[in-house]
Structure formats: C-alpha cells, structure tokens
Amino acid sequence: MRMILAAVASAVLSALAAAAPALAQTPPNVLVVGQIAEPKSLDPHAATASNDFRILVNLYDGLVRYRPGTLEVEPALAESWEISDDAKTYTFHLRDGVTFHDGSAFDAEAVKFNFDRMLREDHPYHDTGPFPLAFFFSSVAEVTVVDPLTVQFRLSEPYAPLLSNLAYPTGLIVSPAAVKEYGKDFGRHPSGTGPFRFEEWQANNRVVVSRNEDYWDGAPKLEAAIFRPITDANTRLAEMMSGGLDVMVEVPPDGLAQFRDDPNVKVYEQAGPHLWFLILNTKEGPFASKAARQAVNYAVDKQGLVANVLQGTADVAAGPIPPAFAFAHDPGVEPYPHDPEKAKALLAEAGYDGSEVTFYVADGGSGMLDPVAMGTAIQADLKAVGMPAKIETYEWNTFLGKVNGGLEGQADMAEMAWMTNDPDTLPYLALRSEAMPAEGGFNSGYYSNPEVDRLLAEARRATDQEARGALYRQVDRIVHDDAPWLFVANWKQSAVTSAAVEGFALEPSFFLLLHDVSKP
Amino acid sequence: MGLHVLKRLAAAIPVLIGLSVIVFLIMAMIPGDPATAILGAYATPENVAALNRDLGLDQPPPRRYLIWLGNILHGDLGRSYALNRPVLDEVLERFQATLVLAGTALVLASLLGLLAGVVSAARQFGWTDRAVTFAVLIGISTPSFFLGLLLILVFAVRLRWFPASGMYAIYGGGDLKDLAWHLVLPALTLAVVATGVIARLTRTAMLEVLRQDYIRTARAKGLRERRVIRVHAFRAALVPVIPVIGIQAGFVLGGAVYVETVFQWPGIGSMLVNAIATRDILLAQGGVLVVAAAYVLFNLAADIAQTLIDPRLR
C-alpha cells in the first residue's frame, strides 16, 4: 500500500514539475481584455449587449461616431451631412477609398444594403437576423443611393436621435460581401472597416482581433487584442491579480476598493448615460400625491447608498437626464438632499396614513448594480420616516415581465435601471402620456404631464443641438420637481489595467475603444 | 450480456423523451421568454412580438415541441437564439470539455477514495484511520465553489503555480501539457466530495469483508496481511463500491456546474446556466438531453463493471 501511495505521489509531483515553468505571459502590444461573458454575435445588427459592443466598436465603423469623451457625434465613415429643413431627409457624403477587411469597397450601396437588411422584411438577407434593435431606425422610410459616395435617408417623421443612433453599435456598417458569403453565420465571421480586423473566435475561450494596417484614421498601436470571457466576478478578479489580464472591465465594487491601493494597476472611472431609479405608482396608493413622491426622494440617503452599498461606483442622480448627456442635463437640477424631517412633513401634508407599500426588487439584471442590497437599504430609510415597505424579490426576466406590464394593482414602487445613448430614449419611452404599458410603452408608473409630452415631441423635431438641449433641460427640471421616480444613482463604469497599459480611456458611451491604446 | 446492454439502452429512450418533455414544460412555464431576455430594457410588447415571430416562437408550445422532436430524429437540435450557432456544435464542444474535467476528477476521486478507504480500514481506529476520516469529512462538507476560490487564491494569485481559470493558455499553449496544467485546480476541486464518499464507503465495505470467515481462513493459512487485504478483501469490497462510483459520476457531472463557473471552464454546466438565464430554450433542451444520456450511460457502465467483477450477478 505504501508503494502505491509513493508511486501516486511521485507521479503527481513530477507531472506538476514538468508543467509548472511556463506561466504564459502575453508579449508587448498584445492586450488581453477580461470580458464578463462570451459574445453572442459579432454582427453589430444582431448584438444587444454592451459586452459584445466592446468588441464590435473596434471591428467596425459607423457613418458617425461619438467625439472622444462625449456623447456628441462627429464624422466617421461619413465626412459630412446635411439635414433638410423639414428634418426628414438626411444626406451623407461618404469617405472615399475605404475598404472592408475582406477587400470589398465601402460605398453608398453598402450603406443601403446594411439598413435594408435590417429594416426590410423582403430583403434577401433579412433572414440573417433577427435584428432586435432595428427599431432604433424604425423612422427610416427609405435609404437611397444618390451616387457612389452619397447616400440619403428619408424619414417618415422628424427624429433628431437618428445621428446618435447611427453612432450606436446597431448603426455600425458591415461588409455586404461577407454577409452574402456567410449568411446566418456572419456573426462568427465578421468583416467591417474598423481599426482592428477579426482573426479568430475560439468558442468560450477567446476572440482575437489584429491591427488593421490600412485603417483610414491611422493604424492602431496594438498588434492584437484578445477578449476573454470570464463570467464569475471573483475569478475575473483573480485573473487580473495573477497577471492573466491586461484590462478588466465591470470591476465589482469590492475589487475596486482593493485595486485602488495597488501600485501594479491603474484604475479608471467614467460616469455614463445610466440612471438607477425607483418607479413610483402615480395612479393609486400614496404616490398618487406629488408631496409623497417628493417625500421619499428626501427620505432616502442616496449619498449613503452610493458610498456604502455601491462603494463609490456611482454618483448620486439628480433627475431623469444623466449628467453624461452634458448638452441636455440642467446643471441647476440638484439631487434631493437627505432630509428625513422634511420627508415626514411632506408625508403628513400628503395625508399618508402609514399603510404598508409594496416594493418590487430585482435579484440582478443588466445595469441594476446591487439591487437586493440597495432595496434593503432603501426599505430601512423609508421605515425611518414612518413608511413600512414590503419587499418582493423576483428573478430578472420575471421582474421585467411584471414591471413592464405596469404597477397598477400590484406594487407602489419598483427598481429600474436604464442605459441609453441619447437623452430622448428614456423619457420618450418611459415618461410620456402616450407611453403607458397598455400602449406598449415603459411608463409603468403612469406619469402624465402634457407639458413634458409637448417638450419631448418638440425635441425630436429640433435638429440643432443647442435647441434640443434646451428642451431636455426643461424636461429635466419639470420631472425632477414632479418626482414620478425616486432618482438614486448614475453608474460609473470602471476598469483596471495593468501599469504597462498606456493611452487607455473610458468613454461616457461605455464603449471600449482600443485605437489609441498601447502596451509597450 | 449483449442482450442485457441492449435492453438497458432501450429502456433509456423513454427516460430521455420524458426528460425532454419536462425540460420543455419547465422552460415554457417559467416567466420571461427569449425575446424579453434578448431585448432587455427595450422589450416593448411590439418588439417582443416581432422578435418572437423571427425566432419561430409564435407557434403554440405543443406544436413547437413536436417540431423539435421531429428535427432531433434528423439529428438537428436547432439553433441557439442567444449564441446564433447550431445547438449541436455548441453542446458537443462544451460536453467534451466537461468530460475531460469530470473524467479526470472521477479517476482522481476513485484512486484517492479507494486508497484512503483501504488504508483507513486496514488501520481501523489507528491514527491513519482518524486522520483520513477527518480529512474526508472536511472534504465532503466543503462547498466546491468555496474550495475552488480558495485554491485559486493560494495557488494562482499568491504562488502563481497554476492558472486561475480557463482550459488553455490564452496566448500560445494549446497542447496536452497546457491542458493538464489548467486541469489541476478544477479537477481537484471537483474530485474532493466524490473522493470523500468513495473513501467512506470503501472503508465500510472493507471492514465488513475483513470480518468474513474466508479472511480469517486466509490469515490462518499464514498469508501476509498485505496479501490478504490486496487480493482477498479488496476485490470483494469493490463490488458494492463500483455502483456508487457510477452514481458519483452523475454527481461529478452535476457538481461541474459550480466548478466550471468558478474556473471559467468552457463546459456544459456553465453553458446550461447561461442558457436558462437567457431563456435559450433549444440550447437548454439539447444540453439537458446530452447530460441525461451520459448519466444513463455511466450507470450502465458501472453495472457492467460490477457484473464483470462479481460473477454471482451474471
């Protein structure tokens, strides 16, 4: 028996010794990025998750893109554009001499192919979808080729967010030749015009992209980037600490605190167009009263939530328009301060009788941060001003089904979070009188204010950025005061890189742009 | 023997069909559908309806089930909604990875478990027995996700002896040595509980056998204790242990879900977790079907092995 034991032990030891020496280090200028999941598809029109977007924005270009550090658009594949006076025709002048990674030429026909494939059910390649976010362009009635370098978008109604949607991954331009070649499998054989070209996708292990030497905006510094899916947050942290990753995104709050004191890594943070809020049921129950809605906005200690539960990974939110939309957010709109006395006074004024409110809490979900812990903390703050809340927790998909159907007869408040790319999106889908759940909208708390409706409609017709911004700033002020929601937090995206990584920056769009990054 | 195997295989078919119905029903009954999961915040009823139509989910469930069953008979498990690729490709790729991990863990658990059990029984109530029993109890009661993280912390982050996650090195590598190196921590983690169970059972079985008359006879003949244990007792004690190893194979496959998640092992367990979270019905069904079929086969293999060792069962 001892002999067997000794044999096993020596076999194990020698196997380990043979394997141990080669702790693989990545060479200079190859960047390993830790992702939170395997990408679903590298077809930008089929993708819906920010996890996929991080890869896509490096493979493809859109007609326009966000200027670095902002959510305002600048030229990309289109060098310039004109908007007609009725705001219904957009004419784009395309960049000359750009080719897709597969060698085919980028021109007006290619642009038309991209949008027809997504929007027209009779298009021969429409069945290479589905294209879940195609409704971003539902106002596009027709795309026409004027000449090889000019393309025209005719809209069925004025829709000012069009440009911003074109800068979103759903607006990225794919190679028609590659779609025709690979059909439904295009998402695994992507070809665009971006700074990196696709090399390989090893399922559940890595996606590799390499430098596009011919990139129209100058070749990137990195030779290659490798995206690794690591779903478990703790494992992702361990990989970062053991040197297996150069960049890690969506760092859990606990990990971020640890990395801040570590000289081997750099920590980056950037507030994004994200809002974490509670929908209040304005139709029935205590929150039918504006005073009661304002009261809970005063009652909750948002600063404490952000500092303790979220450990500094978010800023306190003021109103419905996140400050990341610099042109549309009113800097005069300040967060409701934490003032329990004022909250009690307002509740008394509202005639609230201390009856229990029902509070829907999600167990997780995209952009929901730490919903259970936050729900519990909010419950405690409400109790402190004499409002007992009964928490009901649901799994994310179940939760969405319940909340999107409207809160009437079910709950008084519900957690929710949105991340958008245009100041129009969230208020237009979730605060208008015409966006009630029965009509397919997201106004689950039944807020209705004709003035807000009018301003939002007008903002869609305004093509001048400053004029649009002024309208949204009014919306920001009115909704802040009406308090149909309890405004809690704007999430800050976080990333850590190893000390060797240079030129890295986070964008308010939450895209991960690697064009200017290097790792000498 | 051949007939017996065929019969057992045939009996597995209704089990698999029943399973597929149950999985289909559960996936159909849990709230939320693939379209809602894909669209997330943008899941307006209008968008959901459009996407469901594109995914072929606007058909009534019984019809969808029959279409699915019909396609399976043609070897087509459908296309994953979330991953945009054929279910069969994904499932086979993932299942191979799981087999490598679970297989290594099972071999490890069997060797260590049998060894520990025999040593423990041979030295009943001695210090070796106590030490082994103590270690085994700790092993059985440590949750594998916790043990996994602990091993990562010590051996990957602190000592940097082994990689923290993955199946192959992200740059270079890809050979057998690379695989073995990545296997050590997850396979150990996964093996621990099964090792404990097998060790406890082997110890009991050995103790029982050692009290039998023929063992006394063997000892009385003047055989050395080592030979008594190795030749006479061990073989007899194996008979009740083998089916348990077969059952442990099932548990190891099930336990792989946690270990795969912690170590980012690209196996079928973590695939199923994702498939259910994203309501990827076809992928979940295909995955469960393959795992269930494997479970049935493992038990069958254990049965056959038992029959070979113990002629009385033939």
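Owing to the predicted nature of the structure, the values given are computational and were not obtained by experimental measurement. So you know, we letter chains A, B, ... as the sequences are listed, proteins then strands, and number each from 1.
- Although no hydrogens or angles enter the test, the distance criterion places a donor-acceptor pair under 3.5 Å between the side chain of B:Q264 and the main chain of A:T231.
- Interatomic distance, B:L159 CG to A:S242 OG, rounded to the nearest 0.5 Å: 12.0 Å.
- B:A164 and A:T235 get closest at one heavy-atom pair: O-CG2, 4.3 Å.
- Contact annotation for A:F186: neither backbone nor side-chain heavy atoms come within less than 4.5 Å of a heavy atom of chain B.
- Ranked by non-hydrogen atom pairs under 4.5 Å with chain B, the options A:P132, A:S41, A:G401 are led by A:P132.
- Neither the backbone nor the side chain of B:R158 has a heavy atom closer than 4.5 Å to any heavy atom of chain A.
- The parts of A:K184 that come within reach of chain B are both its backbone and its side chain, each placing non-hydrogen atoms under 4.5 angstrom from that chain.
- Per-residue heavy-atom pair counts under 4.5 Å with chain B were compared for A:I230, A:D232, A:D43, and the maximum is reached by A:I230.
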query: Would B:R79 and A:D185 count as a salt bridge (charged side-chain N to carboxylate O under 4.0 Å, His left out) if you check the C-alpha gap in whole Å, the side-chain angles of each, and the deciding distance to 0.1 Å?
result: CA-CA 11 Å; B:R79 216 179 153 82; A:D185 285 324; 3.0 Å; yes

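- Residues A:A238 and B:I152 come closest through the heavy atom pair CB-CG2, 3.3 Å.
- One distance of note links CZ of B:F145 with CG of A:N234; it measures 11.0 Å at 0.5 Å rounding.
- Heavy atoms of A:A233 lying under 4.5 Å from chain B are absent altogether.
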message: Using the rule given for salt bridge (charged side-chain N to carboxylate O under 4.0 Å, His left out), can you reason through A:E38 versus B:R94, listing the C-alpha separation, both sets of side-chain angles and the distance that settles it, and then say yes or no?
response: CA-CA 13 Å; A:E38 169 96 340; B:R94 294 290 202 126; 5.9 Å; no

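- Contact annotation for A:E395: only side-chain heavy atoms (C-beta onward) come within less than 4.5 Å of a heavy atom of chain B.
- Within a 6.0 Å radius of CZ in B:F95, other residues, nucleotides and ligands contribute more than 12 heavy atoms.
- Interface summary for chain B: among A:R206, A:M416, A:E121, the most heavy-atom pairs under 4.5 angstrom belong to A:R206.
- Counting heavy atoms of neighbouring residues, nucleotides and ligands inside a 6.0 Å radius, atom CD of A:E434 does not exceed 12 of them.
- Side chain of A:R188 to main chain of B:R85: no donor-acceptor pair is present (N/O by atom type, distance under 3.5 Å, no hydrogens or angles).
- A salt bridge does not link A:K40 to B:E90: none of the charged side-chain nitrogens sits closer than 4.0 Å to a carboxylate oxygen.
- Between A:G243 and B:R160, the closest heavy-atom pair is N-NH2, 4.1 Å.
- Residue A:Q202 does not touch chain B at all, counting heavy-atom pairs closer than 4.5 Å.
- Note on B:S270, B:A122, B:S80, B:S165: by heavy-atom pairs under 4.5 Å with chain A, the leading option is B:S165.
- The contact between A:T425 and chain B is made entirely by side chain atoms (from C-beta outward), counting heavy-atom distances below 4.5 Å.
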